[in-house]
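Because the structure is predicted, anything quoted here is derived from the model rather than measured. Computed from heavy atoms alone, side chains included, the values below leave out hydrogens, waters and symmetry copies.
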Amino acid sequence: MYNLSLSSNTYGQPLFHVEVITLILYYAGEMGSYFLVEPAYESALEDIGRFYPRLSFSQNIITGPEYNECTDLMPVGDDVLAKFYYSNLSKWRAANLTVFLTNEADCDGHATAYLATNLRKLTIGTNFVSDIDNKEKWPTRIEAGPGGKSDVIWTVRTFRDVLLHFNWTTVLMVCDVNRNPAMLLWCTGNQNGLSTALQYNVSLLQVDGFFTTTNYTFVMEEIRRQTRVIIYMVFGGTLRKLMMAAQSANMTQGDFVHISSIILRHPIFGNYNWRYGENEDVTMKAAYRTVLFLEKDTVDDYPPYGSDLYFLKERWRNASSVRYNISYTPDTVNFHLTAAYAMFLSTAQVVQEFLDSNRPHLLEDGRNIARAFYSRTFTLRTGNFSLDEYGTLAGSNTILQQYYPDDALQLILKIQVMPLEIREVHPLHWPGPIWPPPNRPKCGFDGQDPVCWETGGGGRTEAAAGALIALILLLTVGSLVYLRTRKLDGLTWWLLAEDEVKKVQNTGASTLNKILSGWKIN
C-alpha cells in the first residue's frame with residue numbers, strides 16, 4: 001500500500017488548511033483508478049492555489065498495486081482506511097478541516113462513506129446509493145458521479161416518455177448484474193421507478209454476460225411470453241449474445257423492439273457495434289436494425305478544439321500516457337475525470353464562502369458543509385457541476401439512435417426531460433412492416449387470446465362450428481354412458497367392466513380438454 005501526497009500551490013501564507021483523504025484503486029482496471037484521475041487531481045489542486053489563495057489543500061492518497069480492481073479493495077477497504085485515518089490523528093487535528101474525496105474505490109464506496117459519516121466529515125465520491133435522500137443515514141454525503149437518485153429519476157422519466165411516445169406500456173428489463181454490484185442497484189432503481197411511472201409491474205431478468213453457460217435461449221423464451229418491448233442494461237458483449245439468441249428465435253424481424261440503454265460509452269463497457277470482425281457480423285448487422293440505443297447526450301463531453309476544456313482534457317490524457325503508460329483516445333468518455341476536478345473545486349468554493357461570511361465555526365460539522373451543495377450549480381473550467389436537493393449529480397438529456405445504414409449511429413430523437421420535449425431529427429428505418437410495432441400482439445403474447453376467435457366472419461364461423469362439434473361429441477359420450485348403465489337393469493356403474501369404464505372416462509376427458517384449451521380463464 002502506498003500513501004501518496006499532492007498539495008495545492010499557494011501564494012503567500014494560507015489562512016485555512018484542508019486535508020483531503022482519498023482511497024482509490026491503483027492501476028487502470030477501472031475508470032476511476034489512480035492512473036487515470038491523478039492528472040485531474042493535480043490540475044484541481046493547482047487551480048485551487050490560483051483561485052483561492054487563502055486556502056491550502058493537501059491530498060493523502062491511499063492506494064497500491066495490490067488494488068487493481070474494485071473487488072480487490074472490497075474485503076479490506078474498511079480496515080485499510082480506518083487504519084490510515086487513526087494512525088494519523090495528529091495530522092487531522094493540526095488541519096482546519098478534513099474531508100474525504102474519492103473516485104473509484106471499493107465498488108460501492110462503502111469504506112469512505114461509512115467512516116466519513118460516523119466522523120461527521122464531508123465525503124464526496126462517484127459511487128451512489130439508492131437512499132441518498134435519507135439524510136439521517138447520509139448527512140454528509142455528496143455524489144459527484146452519474147447513477148445516483150437524481151440520475152435514476154431522469155432515466156425513468158426518459159424511459160417513460162419514450163415508451164409512451166410510441167404507445168408502449170408493457171415492457172421487460174434485462175440487466176447484466178455480476179460485473180459490478182452497482183449495476184444491480186442501478187437496474188432495480190430503474191425497474192421500481194418505471195413500474196410506478198407506467199402503473200405496470202415491469203419484470204427484471206438478471207443475466208451474467210461473463211458466464212459461459214448463461215442460457216440466452218431461455219431469456220428469449222421468457223421475453224416472448226411477457227412483452228414485445230425490451231430494455232437492456234447490459235455490457236456490449238452481452239448485448240451481442242442476446243441479439244444472437246433473438247435472431248435464432250426469429251425475434252429480429254421487426255415485431256420486437258430491443259432498446260439498449262447505454263450507461264456510458266467507455267471501453268470497459270465493451271463494444272455496442274454490430275461489427276466484431278467475426279463470421280456472425282452479417283447476421284448481426286441485420287439483427288441490430290431492431291435495436292434502438294438510448295444514451296446520454298454527450299455533446300458536452302467533446303469540447304471544441306482550441307477551447308480551454310479541450311486543452312485541459314488533452315493535458316490529462318497525455319499525463320496518464322507519459323507517467324503511467326496508460327493510453328486512451330480523445331473521444332473516450334470518462335466522467336471520473338471531470339468529477340475528480342469538480343469535487344475539489346466545488347469544495348474549495350464552499351469553504352471559501354463560509355470564510356467570507358465569517359462562519360468558519362460551521363465547518364466543524366460536515367453536515368453544514370454538505371447542505372451548501374444542495375440544489376446548486378458550480379460553474380467550473382470543466383463545465384457546470386449541478387447537484388439536486390439531495391446532493392446528487394443532476395441527470396442529463398438523452399438521445400435515441402439506430403445503426404443505419406452501416407457502422408454509423410444515426411440520431412433519431414433528442415429527448416429533453418425537463419421540460420419534456422421529444423424532437424425527431426431523422427426518420428427511423430425499421431425492418432418490420434409496421435412502425436411502431438404494437439405494444440401487445442393481436443392474439444396476446446401466447447397467441448391464445450379469445451379475441452382472435454372473433455376477428456372476422458370466417459373465424460367466427462369456424463370457432464362456432466368447432467364448439468358445436470365438441471358439444472355434440474360430449475353429448476354423445478354422455479348418452480353412451482347413460483344407455484350402457486340403463487342396459488344393465490339397475491346395476492350400479494361400478495359393475496361395468498373395468499376396460500369399459502376406462503374407455504368412457506378417457507374419451508370424455510379428451511373431448512372436454514379440447515373444448516377448454518381454446519379459452520383463457522381469468
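- Atom OG1 of T140 sits about 11.0 Å away from atom CG of N368, to the nearest 0.5 Å.
- When atom types are taken as modelled, the side chain of T214 and the backbone of F211 share a donor-acceptor pair closer than 3.5 angstrom.
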Go through it in stages, so that I can follow the logic: the residues are T22 and Q59, the test is side chain to side chain donor-acceptor pair (under 3.5 Å), and I'd like the CA-CA distance, side-chain angles, deciding distance and then a yes or no. CA-CA 7 Å; T22 301; Q59 185 182 21; 3.0 Å; yes
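- The aromatic rings of F344 and F57 are tilted relative to each other, their planes meeting at an angle between 30° and 60°.
- Every salt bridge (charged side-chain N to carboxylate O under 4.0 Å, His left out) that E295 has, sequence neighbours left out, goes to R265.
- Using bins of under 30°, 30° to 60° and over 60° for the plane-to-plane angle, the ring pair Y114/H110 lands in the tilted bin.
- Judged as a disulfide (SG to SG under 2.5 Å), the pairs with a partner in residues 158-209 (not counting sequence neighbours) are, in order, C175-C187.
- In summary, of the residues considered (L242, V291, T238), a side-chain contact (heavy atoms from CB on, under 4.5 Å) with Y232 occurs for L242 alone.
- With values rounded to the nearest 0.5 angstrom, L45 atom CG is found 10.0 Å from Y41 atom OH.
- Under a 3.5 Å cut-off, the side chain of K135 and the backbone N or O of Y390 do form a donor-acceptor pair.
- Aromatic pair Y305/Y310: centroids less than 6.0 angstrom apart.
- How far OG of S203 is from CD of E222: 7.5 Å, rounded to the nearest 0.5 Å.
- Judged by distance alone, the side chain of N439 and the main-chain N or O of T170 form a donor-acceptor pair under 3.5 Å.
- For D47, the salt bridge (charged side-chain N to carboxylate O under 4.0 Å, His left out) partners are R50, R381, not counting sequence neighbours.
- Applying the side-chain contact (heavy atoms from CB on, under 4.5 Å) test to E424 and every residue at least two apart in sequence or in another chain returns L413, P427.
- In this pair, Y27 and F35 present their aromatic rings perpendicular. The plane angle is above 60°, beyond the 30 to 60° band.
- Taking the ring axis of Y276 as reference, the NZ or CZ atom of R240 stays within 45° of it and closer than 6.0 Å to the ring centre.
- Ring-plane geometry between Y26 and Y34 is classed as parallel, the angle between the planes falling under 30 degrees on a 0 to 90 degree scale with a further cut at 60.
- In this structure, the side chain of N215 engages the main chain of F218 through a donor-acceptor pair within 3.5 Å.
- From T102, atom OG1 reaches atom CG of L23 across 6.0 Å, with rounding to the nearest 0.5 Å.
- Atom CG of L198 sits about 6.0 Å away from atom CG of L164, to the nearest 0.5 Å.
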Which pairs of donor and acceptor atoms, one on a side chain in residues 348-357, lie under 3.5 Å apart (sequence neighbours left out)?
| from | atom 1 | to | atom 2 | distance (Å) |
| --- | --- | --- | --- | --- |
| Q349 | NE2 | E353 | OE2 | 3.4 |
| Q352 | NE2 | D356 | OD1 | 2.9 |
| E353 | OE1 | R376 | NH1 | 3.1 |
| E353 | OE2 | R376 | NH2 | 3.0 |
| D356 | OD1 | R54 | NH1 | 3.4 |
| S357 | OG | E353 | O | 2.9 |
| S357 | OG | F354 | O | 3.1 |
| S357 | OG | R359 | NE | 2.7 |
| S357 | OG | R359 | NH2 | 3.3 |

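- Note: F51 CZ to L380 CG = 9.5 Å, rounded to the nearest 0.5 Å.
- Looking at S386 and T377, their side chains do bring a donor and an acceptor atom within 3.5 Å of each other.
- Taking the six-membered ring where tryptophan is involved, the planes of Y85 and W92 are essentially parallel, since the angle between them stays under 30° and well short of 60°.
- With sequence neighbours left out, L294 forms a side-chain contact (heavy atoms from CB on, under 4.5 Å) with T158, F159, V162, I259, T398, L400, I415.
- Under a 4.0 Å N-O distance rule, the pair R315/E42 qualifies as a salt bridge.
- One side chain, H336 or N103, offers a donor N or O that lies under 3.5 Å from an acceptor on the other.
- The 12-atom threshold is not exceeded at CG of N358, counting heavy atoms of other residues, nucleotides or ligands nearer than 6.0 Å.
- Centroid-to-centroid, the aromatic rings of Y328 and W316 stay 6.0 Å apart or farther.
- Using modelled atom types, one finds a donor on one side chain and an acceptor on the other under 3.5 Å when comparing E19 with N60.
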